[in-house]
Amino acid sequence: MSIFSGSASQKLAGKIAKELGLGLSPVEIFVFPDGEKRIRIQENVVGKDCIIVQSASIPPDENYMELFIMIDALKRSGAKSIKTVIPYLGYQRQDHVFRDGEAVSLEVIAEILTRVGMTELFSFDLHSPKIPEIFSVPVHHLSALPIFADKIKKEFDLKEIVLVSPDMGGIRRIKEMTEMLGNIPFATIEKNRDLTSGEINDSGLDGDVRDKTAVIVDDMISTGQTMAEAAQLLIENGAKKVFTFATHAVFAKDAGKLLQHSNIERVVVSDTIDIPAYNLFPKLEIISIVGVAASALKS
Ligand code: R5P
């Protein structure tokens with residue numbers, strides 16, 4: 001088995017390779033002056049099972065394009081199978097048509113990945129449980145939630161906390177978490193987003209958070225607006241403290257600054273995305289999904 005890393009996931013891929021008892025296999029990624037990339041696999045992969053790790057983090061289009069070409073290079077080099085680990089599957093929020101005239105962008109991504117030769121997909125905490133159905137190859141839908149639940153059990157008094165879904169779309173996720181934590185109470189925020197600008201208009205709270213430590217769980221943090229505004233609403237509704245857990249640290253725009261200056265005590269994320277140094281901030285804590293990814297790849 002050989003494991004390769006795209007340029008977006010060097011850190012994570014290195015850790016997964018180590019956990020599998022392998023080193024990263026060499027790949028040349030040359031960038032032409034106009035930004036085009038030339039990919040060359042630098043080892044013999046004929047008849048081998050190959051793994052590529054590449055998150056579709058910022059910039060998603062560039063990282064996807066690189067991944068498509070890497071898969072093609074492996075296929076043309078004779079790889080037997082190409083297991084693709086896209087820990088953060090970019091475009092997953094565009095999995096259906098919201099308004100007339102829109103594309104289903106995730107279907108376009110799925111179509112290209114399978115056409116170029118991906119044989120299996122491994123990804124974490126997909127925005128919707130229906131996303132695997134879009135792909136015509138096996139999809140391993142992995143999760144950071146059990147790791148988050150273990151951490152919560154160790155570090156919080158379960159009698160003191162209330163879990164919070166920051167929007168109606170996250171209720172399934174929050175129900176899974178409450179079950180992992182012995183059916184502790186949960187609350188839900190009703191978030192209304194403007195479909196054109198993406199801005200959050202207004203939010204309401206369903207559930208009781210008074211005198212509790214609120215723990216918000218979400219699949220991703222992009223601009224940080226959802227978490228920061230949810231924390232503000234929870235404090236206004238009597239929560240003593242607010243902590244957040246999210247699988248994917250997308251961190252667009254000034255997310256780090258916004259979260260650091262918010263009412264949130266601690267922002268816990270996983271390492272599905274390699275977080276660049278300029279996006280680190282004191283309230284941030286990163287926990288690893290490497291063990292989960294490696295054992296899924298082994299089985
Ligand atoms: C939305 O449905 C997602 O679950 C996240 O809540 C959202 O994508 C976070 O985006 P942002 O950090 O920009 O508010």
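Order of appearance sets the numbers: ligands from 1, and atoms from 1 within every ligand. These values consider heavy atoms only, across backbone and side chains, with no hydrogens, waters or symmetry-generated copies.
Side-chain polar atoms of Glu43 and Ser25 form a donor-acceptor pair below 3.5 angstrom. At a cut-off of 3.5 Å, with distance as the only test, a side-chain donor of Glu66 or Ser7 sits close to an acceptor on the other residue.
Both Met70 and Tyr64 belong to a single network of hydrophobic side chains, linked directly or stepwise wherever heavy atoms of I, L, V, M, F, W or Y lie under 4.5 Å apart.
Protein residues having a heavy atom under 4.0 Å from any atom of ligand 1 are Arg93, His127, Asp167, Lys191, Arg193, Asp218, Asp219, Met220, Ile221, Ser222, Thr223, Gly224, Gln225, Thr226, listed by chain and number.
Cation-pi geometry between Arg266 and Phe243 is not met at under 6.0 angstrom from the ring centre and within 45 degrees of the axis.
Taking CD1 from Ile29 and NZ from Lys37, the interatomic distance works out to 6.5 Å, rounded to the nearest 0.5 Å.
In summary, Asp218 and Arg173 engage in a salt bridge, as defined by a charged side-chain N under 4.0 Å from a carboxylate O.
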